[in-house]
Amino acid sequence: MAASAPADSSSGAAVRHRLRAWMLEGLTDMAKRHPGPHAGPQAAHKGQRWWRVMCLTGVDYFSTLGYQPGIAALAAGLLSPVATIVLVIVTLAGALPVYRRVAKESPHGQGSIAMLERLLTFWKGKLFVLTLLGFAATDFLITITLSAADASTHLVENPHVSSVLHNQQMIVTLVLVALLGAVFLKGFLEAIGVAVALVGLYLALNVAVVAVGLWHVATAPHVVTDWSHALTTQHGNVLVMVGVALIVFPKLALGLSGFETGVAVMPHVEGDPGDTDERPAGRIRGTKKLLTTAAVIMSAFLILTSFITTLLIPADAFKPGGEANGRALAYLAHEYLGSAFGTVYDISTIAILWFAGASAMAGLLNLMPQYLPRYGMAPHWARAVRPMVLVFTLVAFLVTWIFNADVDAQGGAYATGVLVLISSAAIAVTIAARRARQRGWTLGFAVISLVFLYTTVVNVIERPDGVKIGACFIAGIILVSFLSRLARAFELRVTSVVLDDMAERFIRDIAHRKVRFIANEPDQRDVAEYRDKLQQIRTDNDLDASEDFIFVEVTLGDPSEFESELQVRGEVLHGRYRVLCLESSTISNALAALLLHVRDTTGQRPHIYFEWTEGNPLAQFLRFFLFGQGEVAPVTREVLREAEPDRERRPRVHVG
């Protein structure tokens, strides 16, 4: 038995290694997805046909047909078709132009958040982005949990299984969320294939239901007459109807969901062979087709379904506990096409509502890794797909448990997330049009922004729980992000080091002797500054006057940035002092990266000399964490220690 222990240990290590490799398989996807500004043709055209990706966003967008007619009927009553027409006008004349512009301005899937990120710098920009990411997380995660809960409602209330699954909605919802996560653990291509099949079947079944519904309306003329008479009696004239429809419109805002995920999954849209990462014209064109086609299909269905459900279903059936509550089209399918077709329709609805979370999951997997790891606010594995799928699935479990798998309880948070993101997109494209000096588009987008801001404010006033839930997501993201940034504070954040010709010459010249650098905080940059600094370093460290030195000066950029390329420029000042000029978000990381680069290129172990900085150590650390400066010497040494564990190869730090 003892002899088999090493083999067992080796086998266990191999299993763990394979599991780790499988989990982190997509860790380099970000680099492949964004080859860089100088990428040539073929760099950005791979992906899926636009109509296939449309089906991925469509499982979210089109699945709202499962509950949108019922929501409209409860909110507007007999006025439901008119209110739905207002929703369609806002969709086609508002949300669609906005997101077509977003696709053009931000073609890598970051959406309107990336457009607004450019307006703000420093930590206020990061906090603003984290806030929007909080609302995006609210939108996408509630899409997953609400859709799964609604799917389980349809399943539990189906007459064939209601006796078996009675009061089991929580368990059914958790199982559906787990199955969604399993699909994404298997692979993204499988998710798109499932979406295409589900959307095709679901739309075909809805065409049948709508056709039969219109036939029954056409063959019973009194239905239209009764409806129009009741409508006139209740609201008087057309102007009053339109006014009431505008007032109740915010309650129908869930019918706008799907646009943000449409641009979030944009990197998966196939481009042209000549596309580059900077100018993916084919991808942009395909995404515009995706958005337009989805909006037109959904608009037609929204109008037709609200019309037939309002005219053919008794008003009491829409109320909580009624047979059509949350399942108006399923009610019509059973009523007019029989139990067999109704059951098939139920199964299709359950499947697409469950898989509506796929577009949200795809949006999260594309959106979050483009910001948090870049800000240093997530671990390295956050760039890989499978670990993030597990994280989002666990969070979805928690949200489902908190809301007890209740669809109505999550509706406010869902609508708030959707409306905040659409409003931010409208504001972003308004600013983009203004900067491009497009006065017509600026005015048009400004009007659209006001419409969405009005809708958002009304929704928040009526359902403040949505803002509270969004605030919880925001607080969680900010807390986790800053803890992660704190844990990664001493990482080597420089992605690459690029020296100009003069800097290369300095390093080549000194490589034949002992490589010595002096860290200098530039002040007047006159002769006296460099002469006195050199003399002080020699005195403090008891160095001979014959020793050769190069000064290193770091200019701080935006200290809230985490990863960046280090550009090194060499210059000779006052005819004798060689200076390497660096620009970075942190002084210590820039110096450590330079030292390691010099060691690797020359084979020499460089030395760097500092002065101690006066001040409280805790205050100095906070200065480093927030502003990239502080006590430079010990932090540089700590960054080097983490980057190079071997003391014999680590560049040496001297402080006097």
Hey, is the main chain of [Y] close enough, under 3.5 Å, to the side chain of [X] for a donor-acceptor pair?
X: Thr57; Y: Met54; answer: yes
X: Thr442; Y: Arg434; answer: yes
X: Ser306; Y: Ile303; answer: yes
X: Thr430; Y: Phe445; answer: yes
X: Ser80; Y: Gly77; answer: no
X: Ser147; Y: Thr143; answer: yes

Side chain to side chain contact (heavy atoms under 4.5 Å, CB included) partner of Val88, chosen from Val90, Leu92, Val86: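 With Val88 as partner, Val90, Leu92, Val86 yield a single side chain to side chain contact (heavy atoms under 4.5 Å, CB included), made by Leu92.
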Spacing of CD belonging to Gln567 relative to CD belonging to Glu583, to within rounding of 0.5 Å: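 CD of Glu583 is found 9.0 Å from CD of Gln567.
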His268 NE2 to Arg52 CZ distance, which is reported to the nearest 0.5 Å: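 Answer rounded to 0.5 Å: 13.0 Å.
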Closest non-hydrogen atom pair, Phe392 against Leu141: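 That closest heavy-atom pairing would be O-CD2, 3.8 Å.
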Short side-chain donor-acceptor distance under 3.5 Å, Ser299 and Thr91: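 Not at all, the side chains of Thr91 and Ser299 share no donor-acceptor pair under 3.5 Å.
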N-O pairing of Arg525 and Glu571 below 4.0 Å: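 Answer for the salt bridge query: yes.
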Salt bridge (charged side-chain N to carboxylate O under 4.0 Å, His left out) against Glu462, all qualifying residues, sequence neighbours excluded: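 Glu462 satisfies salt bridge (charged side-chain N to carboxylate O under 4.0 Å, His left out) with no other residue.
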